[in-house]
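To start, the structure under review is shown below, and the notes come after it.
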Amino acid sequence: MTKSDDTFHIHPPERSRQPFQAVAMPVERASTIVFDDLEAFEKRAERVYDGFSYGLYGTPTSRLLEDHIAQLEGASRAIVVPSGMAALTLATMAVCRSGDRILMPETLYGPARDMILRLLGPLGIPAQSYDPRLDAGIAELLDERTRLVWVESPGSATFEVQDVPAIVAAAHKVGALVAADNTWASHLLFKPLAHGVDISMQALSKHAGGHGDLLMGSLAVRDEGLFRRLKDTARFLGYGVSPEDCALCERGLMTMPVRMRHAAATAAEILAWLSRRPEIVRILHPAMPGHPGHAVWERDFSGAAGVFSVVLRPELAPCRTRSCGGCACSGSARAGAAFIR
Ligand SMILES: *Cc1c(COP(=O)(O)O)cnc(C)c1O
């Protein structure tokens, strides 16, 4: 984490709001807006990407947040949508057409895997799951029909760290795009676009929102054509974000670096305690030196987030569901342990 990153969190990009330049983000609500004349109204479609034409397509409040996220991601453009899940769906639908193939890690956020298989599969967009530890070996699964490769590092629940630059190099060789669900690290601890990823996605509901009262997601890109495809698709899907939520998210960003450091420090204390507990078989957090992804995490990330998993010794984990007869080795604990490699 660099000092300038912290500074950028409290300074959104310049946008003059004289004569009332509040420090906090102003909330501007709108559906219909007024045009200067008939000609301006008739040309309103030209304003979709930059100007304002209708509240659904952007307000000064949502645009300011988007500019701020683009800056923090090292992107040229960003778009905010109603949830992290909406961002995952938007990125996938904007890029893939019938006949295209998707590669997704086995550890991709569960609801996103469902969406890809059950919403896009029947639309003629097949997906193949891959072992998140394949890294450069993903080349064997790529072909000219592969349009999109999702990565999520570390993976949801099981925390495999992926060699994102190696995956990007292999994907780009066959002309596929790479999208990253970067929710765990956020733009603060890992910058996907700087590692060659084409679309950086995060659930702002988590670290940026920070207080459990906000749902939002973002996509950030460096390619203008790709941004326009995302923006058009968001329009077709009718995705709009409330200006109140944008202001809440902007407020969350201001304290995010401080909160993230505190969460990392607190997690480190809890991890030290957990590592001495007899009921814990393994701790799954890439900042732990014994973690299989530790070296790649150290190479690519600038810090640790506070979220991690533990694997319990099944014989010590009390069965609370009694779905397996109330014995000490719960079926779900065993299934969970089998999934951890
Ligand atoms: C929470 C989460 C999402 C989804 O975000 P929502 O805003 O809840 O839809 C996506 N990916 C990861 C890794 C998450 O943790």
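Order of appearance sets the numbers: ligands from 1, and atoms from 1 within every ligand. Any value given below was found using the heavy atoms of this structure, including those in side chains, with hydrogens, waters and symmetry copies removed.
Salt bridge annotation for E224-R77: present, with a cationic side-chain nitrogen under 4.0 angstrom from a carboxylate oxygen. Of the charged side-chain nitrogens involved, at least one lies within less than 4.0 Å of a carboxylate oxygen, so that R101 and D143 count as a salt-bridged pair. Ion pairing between a basic and an acidic side chain is recognised when a charged N comes within 4.0 Å of a carboxylate O; D232 and R235 show such pairing.
For atom 15 (O) of ligand 1, the closest non-hydrogen atom on the protein side is K206 NZ, 2.8 Å. Regarding atom 6 (P) of ligand 1, its nearest protein heavy-atom neighbour is G84 N, 3.3 Å.
Near S156, with a cut-off below 4.0 Å to any heavy atom, the atoms of ligand 1 are 13 (C). Near D181, the atoms of ligand 1 lying under 4.0 angstrom from a non-hydrogen atom of the residue are 10 (C), 11 (N), 12 (C), 13 (C). Heavy-atom proximity to M85, at under 4.0 Å, picks out these atoms of ligand 1: 4 (C), 5 (O), 6 (P), 9 (O). For ligand 1 and L88, the ligand atoms under 4.0 Å from any heavy atom of the residue are 10 (C).
Annotation: H68 is not in aromatic contact with F8 [ring centroid separation under 6.0 Å not met].
The distance criterion of under 3.5 Å between nitrogen or oxygen atoms is not met by E152 with respect to ligand 1. Ligand 1 has no N or O atom lying under 3.5 Å from any N or O atom of Y109, backbone or side chain. Residue M201 places no N or O, backbone or side chain, under 3.5 Å from any N or O of ligand 1.
Ring geometry for F308 versus H285: interplanar angle of 30 to 60°, hence tilted.
Heavy atoms of L204 found under 4.0 angstrom from ligand 1: none, in either backbone or side chain.
Nearest to atom 7 (O) of ligand 1 by heavy-atom distance, out of S205, A87, A86, P82, is S205.
For the pair E152 (side chain) and Y109 (backbone), a donor-acceptor distance under 3.5 Å is present. Proximity of a side-chain donor or acceptor of T59 to a complementary backbone N or O of G55 within less than 3.5 Å is not detected.
With T89 as the partner, the side chain to side chain contact (heavy atoms under 4.5 Å, CB included) test is satisfied by one option alone out of L120, T233, L119: L119.
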